[in-house]
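The next block holds one structure in the form of structure tokens; read it before the comments.
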Amino acid sequence: MIGQALNRVDGPLKVAGRATFAYEHWEAGQPLYGFIVGATIGKGRITRIDTENAERAPGVRMVMTHLNAPAQGPRDESIPFEYWRAQPVLTGPDIHHYGEPVALVVATTFEQARAAADLVDVEYVSGRGRFDFADEDETYIPKVVNAGFPTDTEVGDFDAGFSNAEVRVDEQYTTPYEFSMPMEPNACLVEPRGEDLVVYVSCQIVDAAQTSVAGTLRIDPARIHIVTPFVGGGFGSKLGIHSETILAALAARELSQPVKVALTRQQIFQLVGMRPISSQRVRLGAGRDGRLAALAHEVTMHTNPDIEYAEQTAATTRSLYAAPHRLTSHRLKPLDLPRGTDVRAPGEAPGMLAVESAMDELAHALGMDPVELRIRNEPTVDPERDVPYSDRHLVDCLREGARRFGWEHRPATPASMREGQWLIGYGMAAAIRGHFQGPTTVRMRFEADGTAVVQTDMTDIGTGTYTILTQVAADGLGLPPDRVRIELGRSEFPTSWGSGGSWGAANSCTAVDQACTALREQLLSAARGDARSPLHGRDTADAVFADGNVRIGDASEALSEIVRRNHPEGVQAVGETRFMGDDPNYTAYSIHCYGAHFAEVGVDADTAEIRLRRMLGVFSVGRVLNAKTARSQLIGGMIWGAGAALEEEAVIDPRSGAFVNRDLAQYLVPVHADVPDVDAVVLDGYDDKANVLGAKGVGELGICGAGAAVANAVFNATGVRVRDFPITLEKLLPGLPPMDT
């Protein structure tokens, strides 16, 4: 079963509208509705807040502000991961960024709550806010960057290596604020049950949500019951919980009634966090043969002054290409804006946009094929950690992608290929992303009726968790998929590391595989010692599990019969994975996923309109768990990469720190008409250093390098290099070559 393109087992529920998302639970009966009032300044202090008119409005049950909000736990910086920390709101009159919650209005209906929210009268005194990244000079060095990576690294003598290089590239690249924007907004329903709270919430990590809510409300985590069986997309925006969840929980406790709160699309831009804006200096020094002598990647990005976030933007550069002299660094610039947070492929997505563009610039300066340049700089060991790679097939991806794409037809001279009005260009880029492992526990039970039940608090954020866990369990016990039931997304289930960082599939499936191994041993032991069994006394080393039976030689028995006789109440086992820091493989090896992107674009010679004509990605991710869902994840990432190159950009009003294009009409993302032909190919593989299944994460690899391939194609089409992303008409048009008359 593992690897097959099995259709999503939860698909029928979703197309029938029976998959219940956070805002859609009605177990608690009719809820009240909350609506958040946000600050209309970017920095300052509330001097007066008048809620009298709002409280008199029809249906209003409560208006909560910092003046009457319950006391909450502080953010505990000793907790190593941000998403497990308390997230207090309405704790005082100070305003830290535009849109910060200043009140919650709770009413009988959503419309009443929203209308009353407009009646809350707030007066402020404004302070000097720092909103413009380009205008602020203050920077500082964080102790570490996201995921625990070192802030800076240096090998050899970069300055000497770079100054002595025959060919040099030294360029600055900028990337904008970007958002996750899942289809399902951040939303929750909180139901009081005595002293307990049932929190139906859209989140990616159940354990983090439970711990964070409990820490904020200052109650025992066992009294917080998280329920999230289906999540309508996350992309990092739901790794932690946000103000809507805390406010709903506070209101539900105060009113002793269920309360629903959902963020509007506009509020998401101000209250959920975003990928930081960045300025990246990339320096490459090489010989005439294209071999890198020196490589530097130095990043400056924004951070919120109160909640530090340092995206690991230069971290992947450390393992990508060989060069004896190298350095990487991260610096933070405090701005009075919402905090930075993990957005799909944090670090790699913006970092590879810059580095892979710079590699294309080096190839152009050398007059060398960009594919060949990358192959010539393939390392034999991790160039900064000096350990072997576990399973590296980047060169295979490059060569197979070039063959399939028809790379030999690429115009060697920019702006030399035309089809009537259109300038045609080809571009490519490499892809790399680290593979991570976190602690995950799965409980698996085999019932007397022949059904296997898998339980873990792991979430399915639309990526296919229900399906791949079904496949691994069915494969491990030799069952048809319809005899496996997966139960996810409840805090009462065994704890997982959740869905994020592309670790969810490998973590949870490895734990299921271990549980299957333990169950097989129990079943074989029972059958071998049972005189009533056809398998009595047989050597279990040659046992084969298939079609709901176990066979040893010419004897076989149904698994349900073994369980019925020996474990009439069912038999269960637990499977676990360890944190990667406790697994020696992650110290002894450099474990990554790889890929190669190829893109063709057309650029209108008069208007500078860019049209993506086709994209191809070839990837190496170890063993594939489901061919269909893996391809879907990779294609989704590739499309996101195209959006990062050409469309996505959140724009700040420098007077207030507000995002001026805070809706999906103006914050542009690719739609179907923008993406006519995209394909993803996965090479056969198995990485035995990653886990016993040999599988690695695919969810974020597709975006890594994809934008650079598109940007490089634009340069190949036009001869114009845009280093300030996204590439828009006004940046490209002035440099377009004149058309022949």
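For the pair Y124 and I95, the minimum side-chain heavy-atom distance is below 4.5 Å. With a 4.5 Å cut-off on side-chain heavy atoms, T341 and M274 do not count as touching.
Under the side chain to side chain donor-acceptor pair (under 3.5 Å) rule, K238 has a single partner from S202, S180, S499, which is S202.
Within the 6.0 Å centre-distance limit, the rings of Y466 and F230 are counted as a close aromatic pair. Outside the 6.0 Å centre-distance limit, the rings of Y309 and H302 are not counted as a close aromatic pair. For an aromatic pair to be called close, the ring centres must be under 6.0 Å apart, and W26 with Y200 fails this. The aromatic ring centres of F659 and F179 sit less than 6.0 Å apart.
A salt bridge links R128 to E136: at least one charged side-chain nitrogen sits closer than 4.0 Å to a carboxylate oxygen.
Under a cutoff of 6.0 Å and an axis angle of 45°, K333 and F133 form a cation-pi pair.
Among all heavy-atom pairs drawn from S496 and D207, the shortest one is O-CB, 4.4 Å. Between N186 and H242, the shortest heavy-atom contact is ND2-CD2, 3.5 Å.
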* Asked: What do the steps show when you test W640 against F235 for ring-ring contact (aromatic ring centres under 6.0 Å, His included), and what is the final call?
  -> CA-CA 11 Å; W640 194 320; F235 313 114; 5.2 Å; yes
* **Criterion salt bridge (Lys or Arg N to Asp or Glu O under 4.0 Å) on R631 and D679, from CA distance to verdict** => CA-CA 8 Å; R631 181 176 181 273; D679 195 14; 3.0 Å; yes
* Where do D50 and R48 land on the salt bridge (Lys or Arg N to Asp or Glu O under 4.0 Å) test, with the steps shown first? -> CA-CA 7 Å; D50 185 350; R48 185 183 71 88; 3.6 Å; yes
* Would R433 and E348 satisfy salt bridge (Lys or Arg N to Asp or Glu O under 4.0 Å), going step by step from the backbone distance to the final call? -> CA-CA 7 Å; R433 190 174 194 280; E348 294 93 350; 3.5 Å; yes
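Proximity of a side-chain donor or acceptor of E24 to a complementary backbone N or O of F21 within less than 3.5 Å is detected.
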